[in-house]
Amino acid sequence: MSILNRKKKDEQNAAPADEAKENAPSVEEKASAVNEEVKQAPKKETKGRGRLDPLIKSIQPRVREFRVSMKLLSKSFLAMLGLIIVITMVIIALLAPLLAPPPPEWRDTSIVPKYFNQGISPPGSTYFDPVHNRTVDFILGSGEDGSDIYYGVIWGAQTSIRLALVVVLSAVVMGIIVGAVAGYYGGKIDELMMRVTDVFLSIPGLVLAMAVIAVLKPTIDNIMISLVIVWWPSYARLIRGQVMTIKENTYVEAARAIGAKKNRILFRHIIPNAISPMLVSATMDIGSIVLTTAGLSYIGFGPPGVAEWGRMANEGAGYIVGFISYQGVSYNPYWIIFFPGMMIFLFVMGFNLLGDGLRDILDPRLRR
Amino acid sequence: MRLTSFIIKRLLLLIPVLLGVSLLVFVLMGFTGERWTAYTTTDHPKQAQIWAIEEKYHLNESIAVQYYYWLDGIVHGDWGYSKQARMPVTDAISNKFPVTFELALISSLIAVIIGISIGTLSAIKRNKPVDHVVRFVALIGVSLPIFWLALLLLQALYLNLGLAPSGGRISLEFDPSNPLATTPLIVRTNFYTVDSLLMGNLQIFGDVLWHLMLPAICLSFATIALLTRIMRSSMLEVMNLDYVKTARAKGLSEKVVLKKHARRNALIPTTTVVGLAFAGLLGGAVITENIFSLNGLGKWSTAALLSNDQAAILGFTMLIAIIVVLANLIVDIMYAYLDPRVRLE
């Protein structure tokens with residue numbers, strides 16, 4: 001009800017269309033603009049005419065859209081579950097120094113601490129470190145060379161989120177540049193660029209990433225580079241298709257008719273409208289990127305020692321069908337692969353659920 | 001007539017793509033080490049041998065000339081020597097390809113049967129509990145790390161229950177490479193399923209299938225999830241179309257409407273996904289083959305990459321690219337054949 005009312009009100013004092021289009025914000029601005037709008041909200045009532053007014057008016061529909069989307073999202077149980085998992089992962093990543101404090105002498109927090117004398121031990125075991133005169137608790141057990149699984153599981157969230165965000169953002173930016181140029185200008189540029197993406201797409205992602213890492217060294221940064229190389233072509237394709245559809249729209253024609261320059265049309269009118277479908281695939285790709293990274297590190301392309309879930313699981317692979325002996329009791333060391341694997345699964349699941357939910361609410365046929 | 005010209009056109013379009021792939025791989029490999037390593041058969045060749053190789057393969061000339069002669073070798077079947085497999089790359093490929101192909105084929109079969117049936121079921125029972133369960137399980141399927149699933153299955157079925165083998169393609173008593181084997185398999189095609197049937201020995205055939213079971217299940221898991229989702233969405237789309245309504249209106253039974261009218265047409269987009277997924281499985285068997293110690297392309301390529309075996313990396317990447325590109329072409333042709341509305345441009 002309230003949404004409908006607001007909609008009517010907005011329609012009444014909507015800014016002239018031209019003005020609104022001229023000020024259509026770029027995506028980067030959109031997020032901050034949303035905040036601004038919230039701050040500015042009370043002013044609307046007092047009819048204050050600031051310099052920001054045209055901007056506020058132009059983003060009002062977007063804000064309304066955002067609110068409707070959030071409302072729809074909150075109705076879907078699975079999407080909310082995904083959102084909760086994602087938020088939990090972010091919190092784990094941010095609070096990693098509190099949840100799993102590194103030893104005081106530890107310099108690089110992304111490396112999992114090892115206690116060589118401990119070896120593999122089951123969850124709940126403890127170890128007295130004679131060098132630093134303190135007791136270490138292995139809440140989730142220890143892996144090869146006494147590496148702390150709990151520490152790796154917690155700090156792995158940070159590694160994964162950082163890696164996935166960097167890869168997705170870089171791939172999206174590269175995809176937008178290539179795809180928009182190809183789709184907008186068409187002709188020979190388009191043909192050339194699409195053949196280049198064909199080349200990249202005809203090698204399976206895992207194989208291409210493996211080859212790139214084999215050339216570079218297996219570090220987190222190089223894994224990121226290899227994954228950007230794998231992922232950008234699909235975004236370029238997606239954006240190209242979007243741009244080709246959007247450039248036929250009347251409002252683009254209108255902009256051209258009033259004499260807007262080509263670049264302005266592309267960056268102000270076409271790209272902002274082509275981006276929303278990428279939101280869904282970017283969300284789901286965060287999951288797939290973490291999954292691919294885990295696969296890569298599992299088969300031996302992982303950064304040595306780093307808190308990365310796939311690499312940690314790799315440590316346990318050799319023991320999974322055998323037994324180890326700890327303090328005279330024999331154990332099957334499932335914990336070395338179980339906990340890191342569980343984290344990968346939850347992480348990917350969270351982003352997939354959220355992406356699925358986003359797709360449903362962004363699909364105009366399914367909403368309202 | 002139009003189909004042939006379409007195929008010819010598409011085949012011609014493959015040339016720049018394959019050239020691009022080869023250039024990409026060639027440049028990448030240039031960073032990993034000296035190019036002559038792709039042609040030596042010994043680990044530590046003498047300087048004179050290296051010079052001879054460089055002379056023979058024109059490696060002491062400019063990069064463009066090197067690329068030309070390398071490409072010439074590829075076309076004429078000289079793909080270099082894989083130190084990892086201890087044989088020429090072409091031999092290694094023909095030796096290992098059947099292993100991966102067999103695995104990919106069986107897992108796609110599993111995926112197609114299960115994926116299409118539960119995808120259809122889920123669409124028919126839309127928004128009923130069955131649908132929710134199927135969708136949720138499909139989501140789990142695409143989110144599970146393959147290696148994790150494989151290791152947990154190994155632990156449960158091999159270690160705890162003893163129902164599955166720990167890995168490999170065949171039990172020791174039938175293994176052709178085991179000199180003590182009681183009834184060794186006679187290898188003709190290196191497709192062990194085919195070879196065991198050619199021998200007429202059903203016991204060995206069962207043993208081979210038993211060894212394929214776990215890897216195939218693991219490999220098919222993600223594909224099942226993918227196919228279920230595609231099948232469900234295309235079925236839902238088709239079920240709202242007019243001709244399905246017409247079929248219902250003229251009084252056909254629900255079974256006939258769903259089977260003959262809806263599902264047949266919903267299968268069209270699914271077919272394309274199956275084709276691409278199969279090509280993906282050939283390249284994606286990397287993790288599964290490593291875990292179940294199957295000596296296929298995936299395991300070979302991993303070992304090659306980790307030990308910087310240039311010729312093998314080049315060969316493997318080229319081969320996979322050719323397969324994917326051809327799969328794309330076949331899928332396009334099939335699509336045009338299945339759906340007459342698609343115009344061949």
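Residue numbers begin at 1 in each chain, while the letters A, B, ... track the order of the sequences.
Residues A:L78 and B:H132 have side chains not in contact (no heavy-atom distance under 4.5 Å, counting atoms from C-beta outward). B:I320 places a side-chain heavy atom less than 4.5 Å from the side chain of A:P204. Looking only at side-chain heavy atoms (C-beta outward), B:L152 and A:I337 come within less than 4.5 Å of each other. In this structure, A:F200 and B:L24 have side chains that are in contact, with non-hydrogen atoms separated by less than 4.5 Å. Under the 4.5 Å side-chain criterion, counting only non-hydrogen atoms from C-beta, A:Y298 is in contact with B:L151. Counting heavy atoms from C-beta outward, B:L306 and A:F301 have side chains that approach closer than 4.5 Å.
Between B:P145 and A:G341 the shortest heavy-atom distance is CG-O, 4.1 Å. Contact between A:A211 and B:L28 at its shortest, heavy atoms only, is CB-CD1, 4.3 Å. The two residues B:V21 and A:V199 make their nearest non-hydrogen contact at N-CG1, 3.6 Å. The two residues A:I320 and B:L159 make their nearest non-hydrogen contact at O-CD2, 3.8 Å.
A:M284 touches chain B through its side chain: at least one heavy atom from C-beta onward sits under 4.5 Å away, while N, CA, C and O do not. In this structure, chain B has a heavy atom under 4.5 Å from the side chain of A:L208, while its backbone stays farther away. With a threshold of 4.5 angstrom between heavy atoms, B:T302 approaches chain A through its backbone and through its side chain. Contact annotation for B:L18: neither backbone nor side-chain heavy atoms come within less than 4.5 Å of a heavy atom of chain A.
Distance CG/B:L144 to CD1/A:I344: 10.5 Å, rounded to 0.5 Å. Taken to the nearest 0.5 Å, the CD1 atom of A:I203 stands 10.5 Å off from the CZ atom of B:F316. Atom CD1 in A:I85 sits 9.0 Å away from atom OG in B:S143 (nearest 0.5 Å). Atoms CG and OG, from B:N328 and A:S202 in turn, are 8.5 Å apart once rounded to the nearest 0.5 Å. Rounded to the nearest 0.5 Å, atoms CE (A:M349) and CG (B:L139) are 5.0 Å apart. Here the CG-CG distance, from B:L13 to A:D198, works out to 8.0 Å after rounding to the nearest 0.5 Å.
Applying the 6.0 Å contact sphere to OH of A:Y331 captures more than 12 heavy atoms from other residues, nucleotides or ligands.
Heavy-atom pairs under 4.5 Å with chain B were tallied for A:F345, A:Y334, A:F323, A:F351; the largest tally goes to A:F345. When each of B:V324, B:L23, B:V17, B:V325 is checked for heavy-atom pairs under 4.5 Å with chain A, B:V17 comes out on top. Of the residues considered (A:P340, A:G295, A:G287, A:G310), A:G295 shows the highest number of contacts with chain B, using heavy-atom pairs under 4.5 Å.
Aromatic pair B:W148/A:F338: ring centres closer than 6.0 Å.
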Is there a side-chain contact (heavy atoms from CB on, under 4.5 Å) between A:D356 and B:R229? Walk through the geometry before answering. CA-CA 11 Å; A:D356 238 26; B:R229 299 174 85 176; 2.7 Å; yes
